[in-house]
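Side chains included, hydrogens not; waters and symmetry mates left out as well; all remaining heavy atoms used. Atoms within each ligand, like the ligands themselves, are counted from 1 in listed order. Predicted model, so just to flag it, every value in this text is computed and none were measured.
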Amino acid sequence: MALITFSSPMHKDKTVYAVAGSHTQTILALAKEHHIPIDFGCQEGNCGTCLVKVSSVEGKRRPMGGPLNVREVAALLDLGHITKAEVEQMYLDDIPPTQWRLACQMIVRDEDILVEYPSK
Ligand code: FES
């Protein structure tokens with residue numbers, strides 16, 4: 001089971017468990033399930049409203065997560081949070097190139113992470 005800590009300057013931190021092995025639950029779905037007020041819009045990776053910052057709490061430079069999907073790449077390029085070079089490197093390394101993620105697209109994995117919101 002992974003521990004996911006949601007942190008915002010406007011709310012008390014909240015740590016919840018994510019079921020390991022399901023590999024289908026997004027950060028946004030987990031937040032909604034636990035009444036954590038992350039802003040969202042389209043829920044399809046297009047609008048960028050659900051932008052969050054994700055950090056490993058296990059001392060890794062970047063959370064392992066999964067690589068960004070096509071929608072997440074497009075949105076983060078539009079928002080200026082990744083470069084095309086970082087995207088190309090991501091496909092080689094299979095590691096997310098940035099801490100910035102879309103909560104509606106990032107799938108929770110068996111890793112303890114810190115999710116900071118709102119991101120602006
Ligand atoms: Fe629109 Fe996540 S809610 S990109």
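- D39 and T49 form no side-chain donor-acceptor contact under 3.5 Å, judged by distance and modelled atom types alone.
- For residues 66-79, the pairs satisfying side-chain hydrogen bond (donor to acceptor under 3.5 Å, both in side chains) are N69-Q105, E72-R101, with sequence neighbours left out.
- Residues meeting the side-chain contact (heavy atoms from CB on, under 4.5 Å) test with A74, sequence neighbours left out: none.
- Around atom 2 (Fe) of ligand 1, the protein atoms of type N, O or S that sit closer than 2.8 Å are C50 SG, C104 SG.
- Tested against V115, the residues I36, L30, I27 include a single side-chain contact (heavy atoms from CB on, under 4.5 Å) partner, I27.
- Checked against side-chain contact (heavy atoms from CB on, under 4.5 Å), E33 has the following partners two or more places apart in sequence or in another chain: Q25.
- Panel note: side chain S8, backbone Y117; a donor-acceptor pair is recorded below 3.5 Å.
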